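Comments concern the structure below.
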Protein chains: 2
Amino acid sequence: MAQNVAPPPATRPCSGQSCDACVVRDHAICADLNDDDRDALSRIGRRVTLQAGQTVMWEGDDSTVVANVIEGTLKLATSTGDGREQIVGVVYAADFIGRPFGTRTPHSVTALTDARLCLFPRGAFDGFAMHHGELQHRLLQRTLDDLDRTRDWMLLLGRKTAREKVATFLLDMGRRLRADADGVIDLPLSRQQIADILGTTIETVSRQMTDMKRTGVIDLVGRRGVRLVDRQALEALAEAG
Amino acid sequence: MAQNVAPPPATRPCSGQSCDACVVRDHAICADLNDDDRDALSRIGRRVTLQAGQTVMWEGDDSTVVANVIEGTLKLATSTGDGREQIVGVVYAADFIGRPFGTRTPHSVTALTDARLCLFPRGAFDGFAMHHGELQHRLLQRTLDDLDRTRDWMLLLGRKTAREKVATFLLDMGRRLRADADGVIDLPLSRQQIADILGTTIETVSRQMTDMKRTGVIDLVGRRGVRLVDRQALEALAEAG
DNA sequence: TCTCGTTTTTGACAGGGATCAAGGCATAAG
DNA sequence: CTTATGCCTTGATCCCTGTCAAAAACGAGA
């Protein structure tokens with residue numbers, strides 16, 4: 001389903017395995033914990049590997065687990081009764097997923113690429129967090145940032161045209177993802193998923209991208225590759241069609 | 001601009017004025033503080049009264065204040081360079097507004113009705129919160145809830161039809177606002193503001209409401225009044241047009 | 001290199017909602 | 001009670017996007 005890096009070794013508990021080598025330890029919510037506390041937290045959790053396409057949590061389910069993303073990209077989504085889907089967030093390495101301090105999972109979480117998580121039972125995590133203000137503070141900061149970003153996205157969904165939506169999306173990916181030597185970004189999303197983020201259809205996304213390619217603003221290479229040739233023009237398109 | 005209750009006495013510091021009589025003290029984020037701490041917090045803040053239409057914070061401004069809403073309804077909004085506006089949230093009594101632990105105000109805050117706030121300088125509030133875990137926990141809970149609700153709203157903006165949007169909106173107002181003896185809800189929003197919440201136009205909102213009135217699902221009384229005659233039918237409309 | 005299945009692009013068409021423009025009603029003022 | 005002033009509603013028209021359908025391109029595997 002995705003053209004990704006080879007999956008990591010296996011699923012095993014964090015306990016007995018140090019966080020020292022963790023690549024996201026300085027960026028995840030555990031960054032402010034001292035070594036002892038971080039060890040204590042790691043003993044609650046375990047490493048889990050996911051394959052692209054796997055769903056970790058379903059909308060409406062009981063909230064039983066939360067997790068740090070160690071590696072990979074995942075989507076958060078909700079859908080209507082008749083199957084229309086809206087992606088409400090995309091999370092990357094070091095991000096936090098799940099609903100702490102609440103009983104219901106508000107949206108599904110699905111891996112877009114192969115991914116690794118540091119997974120905690122929610123109850124245990126909540127208990128730990130209640131006694132560790134640094135952790136809650138970090139979580140609060142992150143949640144406030146998420147809320148700001150989410151509200152910004154509402155402007156896109158409610159008020160922007162298809163062209164503005166696609167341009168905004170591409171700039172956003174350009175900011176979040178690293179381009180290769182040729183300046184090409186490898187999108188972790190299919191056209192359908194892009195449409196589900198932007199609240200449009202796959203055909204509209206495709207047409208807008210083709211137009212932008214024709215006018216030289218971007219370049220499309222293969223299915224998932226994009227080069228942002230003229231960022232300034234793209235920014236203009238993102239603002240007012 | 002609005003047909004509301006008479007404005008309260010005046011602007012005066014909370015200091016010297018007890019929180020004992022505060023109508024939202026059991027529901028706002030200060031609910032879990034003990035009496036001493038709550039007094040200390042109240043000494044940081046001051047009461048402010050707003051008239052309908054007044055803006056407290058502007059999008060992009062430095063984040064200098066945060067506040068509890070004591071009474072009234074306010075909107076949070078962002079807009080594009082060319083003036084299209086999207087309302088990203090509506091806040092009621094006991095809700096919290098402003099951006100703690102951050103330097104930038106992400107969206108404007110404007111009173112929809114006359115309102116009263118308990119206003120804090122952000123720096124002082126942040127400092128206080130850093131030493132009071134209960135407060136941060138409460139704020140975290142509230143922010144997580146806001147995020148869940150906001151993401152739900154993305155589904156409406158991105159995937160629902162005009163009819164579904166209006167039906168969902170009316171049900172939401174029915175849940176949040178109390179109807180009078182005749183079952184009539186007094187909307188705190190104009191048609192334009194409703195359109196700005198739903199990501200449509202004033203004409204579309206008007207047409208949808210008129211249709212629903214014609215089919216007997218709702219009843220319109222005056223400019224701001226609505227009676228939800230058939231909630232079940234409304235719920236059906238909210239789900240699939 | 002060729003084939004097959006999937007994803008993406010392209011085309012034709014239509015419909016929902018935006019836009020433009022009056023007209024009708026509440027609400028407030030005289 | 002009468003007159004203004006904005007809202008709100010209604011009407012006519014257009015166009016952006018969604019929908020349906022098919023061709024093309026890509027990438028995986030033989």
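What you are looking at is a predicted structure, and each value in this text was computed from that prediction instead of being measured. Within every chain, numbering begins at 1; the chains are lettered A, B, ... in the order of the sequence lines, protein sequences first and strands thereafter.
- Atom CG of B:Leu189 and atom P of D:dC7 are 14 Å apart (whole Å).
- At a cut-off of 3.5 Å, with distance as the only test, no side-chain donor of A:Thr200 or A:Lys165 sits close to an acceptor on the other residue.
- Between B:Asp211 atom CG and D:dT9 atom C1' the separation is 12 Å, expressed in whole Å.
- A:Asp211 is linked by a salt bridge (Lys or Arg N to Asp or Glu O under 4.0 Å) to A:Arg163, A:Arg214, counting only residues two or more places apart in sequence or in another chain.
- Taking atom CD1 of residue A:Ile218 and atom C1' of nucleotide C:dT8, one finds them 14 Å apart after rounding to whole Å.
- When the salt bridge (Lys or Arg N to Asp or Glu O under 4.0 Å) test is applied to B:Asp230, no partner is found at least two apart in sequence or on another chain.
- Interatomic distance, B:Leu198 CG to B:Leu157 CG, rounded to the nearest 0.5 Å: 7.5 Å.
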Pairs under 3.5 Å (N/O, protein and nucleotides 23-27 of chain D):
residue, atom, partner, partner atom, Å
D:dA25, N3, A:Arg223, NH2, 3.2
D:dC26, O2, A:Arg223, NH2, 2.8

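- For the salt bridge (Lys or Arg N to Asp or Glu O under 4.0 Å) test, residues two or more places apart in sequence or in another chain that qualify with B:Arg176 are B:Asp172.
- For A:Ile185, the side-chain contact (heavy atoms from CB on, under 4.5 Å) partners at least two apart in sequence or on another chain are A:Leu177, A:Ala179, A:Leu187, A:Leu228.
- Pairs of residues two or more places apart, or lying in two chains, that qualify as salt bridge (Lys or Arg N to Asp or Glu O under 4.0 Å) and include a residue from residues 193-207 of chain B are A:Arg159-B:Asp196.
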Ignoring hydrogens and angles, write down the donor-acceptor pairs under 3.5 Å from the side chains of residues 56-64 of chain A, residues two or more places apart or on other chains.
residue, atom, partner, partner atom, Å
A:Glu59, OE1, A:Ser79, N, 3.3
A:Ser63, OG, A:Arg99, O, 2.8
A:Ser63, OG, A:Arg122, NE, 3.4

Nucleotide by nucleotide, 5' to 3', does protein get under 4.0 Å of the base (B), only the sugar-phosphate (S), or neither (-) in nucleotides 16-21 of chain C, counting heavy atoms?
-SSBB-
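- B:Val91 pairs in a side chain to side chain contact (heavy atoms under 4.5 Å, CB included) with only one of the listed residues (B:Asp146, B:Leu74, B:Thr73), which is B:Leu74.
- Looking at residues two or more places apart in sequence or on another chain, you find a salt bridge (Lys or Arg N to Asp or Glu O under 4.0 Å) between B:Asp82 and B:Arg84.
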Nucleotide N/O of nucleotides 1-3 of chain C paired with protein N/O under 3.5 Å:
none

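- A:Phe96 meets the ring pair (Phe, Tyr, Trp, His ring centres under 6.0 Å) test with A:Phe125; sequence neighbours excluded.
- Taken over five-pair windows at either terminus, the axes of the helix from C:dT1-D:dA30 to C:dG30-D:dC1 are inclined to one another by 40° (rounded to 10 degrees).
- Distances shown here put a side-chain N or O of B:Thr210 below 4.0 Å from the OP1 or OP2 atom of D:dT10.
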